[in-house]
Amino acid sequence: EKRTGRILLGRVLEQSLRLLHPIMPFLTEEIWQRLPHQGESVMVAPWPVADPALDFPQAVESMDCLMEITREVRNIRSAYNISPAQRVPLVVKTADGHQDAMLAAGRDYLVSLARLAHFEFGQETSKPELAATVVIQGIEVHVPLADVVDLDAESSRLQKELSKAEAALTRIVKKLENEDFVRKAPAEVVSRERAAQTELADHRAKLEASLAHVEGYLKR
């Protein structure tokens with residue numbers, strides 16, 4: 001496996017050097033000369049040609065899915081103020097055997113990159129009572145929160161964050177409703193304020209959803 005990995009990395013690096021040579025001639029030549037190669041110089045090496053036999057769309061699709069799951073788990077950590085160093089459980093409900101096989105093959109990646117303490121997946125798994133949930137390519141991804149988050153403290157934090165977001169959004173809305181500001185301010189300043197308004201509105205919506213989720217559980 002190590003030898004295969006080295007061969008693959010060597011091939012990717014060597015062909016990348018050929019592509020980069022026109023804009024980075026000296027550095028690419030120096031590195032190329034230290035690799036196994038054919039010919040006297042990267043300057044006269046053949047231009048890389050695409051090989052359809054090296055296309056693996058299914059592998060790309062699987063890796064994209066694993067990357068998206070990792071990204072969403074990290075987003076959930078951020079939304080609920082969970083330390084990146086803290087390992088969290090993950091429960092995934094799949095739809096078919098293909099998804100099961102993909103997660104089994106990528107288990108080590110997810111455990112390491114998403115910082116998982118426990119990873120459960122399968123077609124028969126069920127959603128935990130309190131969990132942050134996203135759906136990725138038909139796969140239900142649940143991060144259980146009951147043993148990870150102090151719900152009372154989290155509710156308080158979310159309320160404070162929501163108040164800050166609403167105050168900031170109100171300031172921007174008032175500014176944009178001022179016709180003198182919109183007319184006299186440079187176009188890039190107005191555009192920046194409108195972009196900030198959109199971003200804050202989206203942030204507020206996410207905070208509201210998280211707060212409703214936590215408070216709904218606390219009221220049970």
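In what follows, residues are counted from 1 in the order of the sequence shown.
E193 and Q197 share no side-chain donor-acceptor pair at under 3.5 Å. Side chains of E215 and Q159: a donor on one and an acceptor on the other come within 3.5 Å.
When all heavy atoms of V148 and P89 are compared, the pair lying nearest together is CG2-CD, 3.7 Å. Shortest non-hydrogen contact noted between E120 and T125 is OE2-CG2, 3.5 Å.
Residue-environment remark: CD (Q86) exceeds the threshold of 12 foreign heavy atoms within 6.0 Å. A 6.0 Å sphere centred on CG of D147 holds no more than 12 heavy atoms belonging to other residues, nucleotides or ligands. Residue D108 places its CG atom among 12 or fewer non-hydrogen atoms of other residues, nucleotides or ligands, all under 6.0 Å distant.
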Without placing hydrogens or testing angles, list every side-chain donor-acceptor pair under 3.5 Å for residues 128-142, not counting sequence neighbours.
| from | atom 1 | to | atom 2 | distance (Å) |
| --- | --- | --- | --- | --- |
| E129 | OE2 | R220 | NH1 | 3.4 |
| T133 | OG1 | H142 | ND1 | 2.8 |
| E140 | OE1 | H142 | NE2 | 3.3 |

For residues 166-177, please give each side-chain donor-acceptor pair under 3.5 Å, one per line with the distance, not counting sequence neighbours.
| from | atom 1 | to | atom 2 | distance (Å) |
| --- | --- | --- | --- | --- |
| T170 | OG1 | E166 | O | 2.8 |

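Using a 4.0 Å cut-off between charged side-chain N and carboxylate O, E188 and R192 make no salt bridge. Using a 4.0 Å cut-off between a side-chain N of Lys or Arg and a carboxylate O of Asp or Glu, R71 and E68 qualify as a salt bridge.
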How far apart are the C-alpha atoms of R115 and V88, what are their side-chain angles, what is the distance that settles it, and do they pass the side-chain contact (heavy atoms from CB on, under 4.5 Å) test? CA-CA 7 Å; R115 301 285 295 169; V88 298; 6.0 Å; no

